[in-house]
Each structure stands twice: as C-alpha cells, then as structure tokens.
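One structure is given here, and the rest of the page talks about it.
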Amino acid sequence: DTGVSQNPRHKITKRGQNVTFRCDPISEHNRLYWYRQTLGQGPEFLTYFQNEAQLEKSRLLSDRFSAERPKGSFSTLEIQRTEQGDSAMYLCASSLGGVWQTQYFGPGTRLLVL
Amino acid sequence: GQQVMQIPQYQHVQEGEDFTTYCNSSTTLSNIQWYKQRPGGHPVFLIQLVKSGEVKKQKRLTFQFGEAKKNSSLHITATQTTDVGTYFCAGGEGGSEKLVFGKGTKLTVNP
C-alpha cells in the first residue's frame, strides 16, 4: 500500500497524559499536513511541513502541541497534558511540492481523552 | 480570518434525484478543492478548481467556481446509493498552502 499511513488508528488516554501520533506520507511527497477533525466538522488545519521545515502553524496549535518531521519523511504529532477537548480525529495528508497540489489524506488517528 | 461556509448541512434524497451543495468563502480564493468522506473514512480528493468561472465535470458530478472566486458548487445528477457521504469544499488563499474546509454537506440517499 503506497498511501498515507497513520499510527495508531485509535488511542484512548487519560486526561493529563502525553500522546504521540505518527504519519508516514506517500514516499515521493515532500509536503506533509496535519489536520484535526471533530464530529460534524470539516478538517481544521494545524500545521504543515515542506521536507523537514515546519512552514505554517495554526493558532489552534497550542503550546501543548508539537509536530516534527526530522528527516523530511515521517512526521510525529505530540500532545502534552491532554485535555478532554483534544478528543478528535487527527488526520495527516501529504502532497507533492508546487502550488496547490492535491492533498492525499491518511486514515487518521482517533483520540479519546477520558 | 478566512471562513468557508457550506449549505445545506444535511441533504436526504431519493435515489435518482439530483443533489447540490454550495460553498461560500469570506475571502477571494486562489483555488477551491472538493473532497468526499464516506462514513468512517477519510477525505478523498475529488477535484480542484482554479480559474474564475471554471466548470469541471466528472461523470455525474459537476463542479463550478464562481466568477468572483468566492463561491463554488457541486451538483450530482441522478444520485446513487454509492454517492452517500459528506462532501467538503476547501478553499486556499494566495501565499498559504493551508486549506480551510467547510463543515460539509452530509448526503444520504434512499434506495
């Protein structure tokens, strides 16, 4: 399967714990995006990378959230001191470089904070 | 900041009926993209529109981009049960690669 993969697919954690999600983009894609989606809403942009550089971050990305893409391939999204409001589906997407390329989404990681 | 609004939020049709969802942006867009998300699935890219007044067709789906590049529509002719899902528009502004998604229109089709 050469699509975008995300792990884990589901995560249940207790409030206050830290969680980390991983995204593996399509291999030739140099752009990687993180979105958050809650029930009944569209995906909300969190951040994106061009290779290993984090080029844009949303105001939604509080200081408890950090994303990395150290080698320009896979990316991790960490949430520290989780809160119940962090419960959502976290989607990763990747695209080729260039202007307005198609974003291909992964299956997402569903987070439930108890 | 940029906002993208979609109507209706829900649409229920009988199989064979037509369906249209509308998307409006608070700002002028450089491009608009449409995605479909099946229940339990992830967004899947359908089309991208870039030019003012652009119309694109994919079989029974017709996509339009408004002249002012602030609105768009998706029309499905003769819906089928395979069309069920939530249709999202997502707008992009110049100078940023981020997409701003609407809340989507959830389509259900009664066989």
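Being a predicted model, the structure only gives us computed values, none of them experimental. Naming: A, B, ... by sequence-line order, numbering from 1 per chain.
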Regarding B/His12 and B/Thr108, is there a side-chain donor-to-acceptor distance under 3.5 Å anywhere? yes

Best-contacting candidate, B/Gly92, B/Pro43, B/Cys89, against chain A by heavy atom pairs under 4.5 angstrom: B/Pro43

Is it the backbone or the side chain of [X] that comes under 4.5 Å from a heavy atom of chain B, or both, or neither?
X	result
A/Glu44	neither
A/Arg31	side chain
A/Tyr35	side chain
A/Gln41	both

Is B/Gln6 in contact with chain A via its backbone, its side chain, both, or neither, using a 4.5 Å heavy-atom distance? neither

Does the ring centre of A/Phe45 sit less than 6.0 Å away from the ring centre of B/Phe101? no

Taking the six-membered ring for Trp and the single ring otherwise, decide whether the centroids of A/Phe105 and B/Phe45 are under 6.0 Å apart. no

Given the ring of A/Phe74, does A/Arg22 sit roughly above its face, with NZ or CZ under 6.0 Å from the centre of the six-membered ring and within 45° of the axis? yes

Go through A/Glu78 and A/Arg64 one step at a time and tell me if the salt bridge (charged side-chain N to carboxylate O under 4.0 Å, His left out) criterion holds. CA-CA 8 Å; A/Glu78 181 184 17; A/Arg64 297 185 298 105; over 6 Å; no

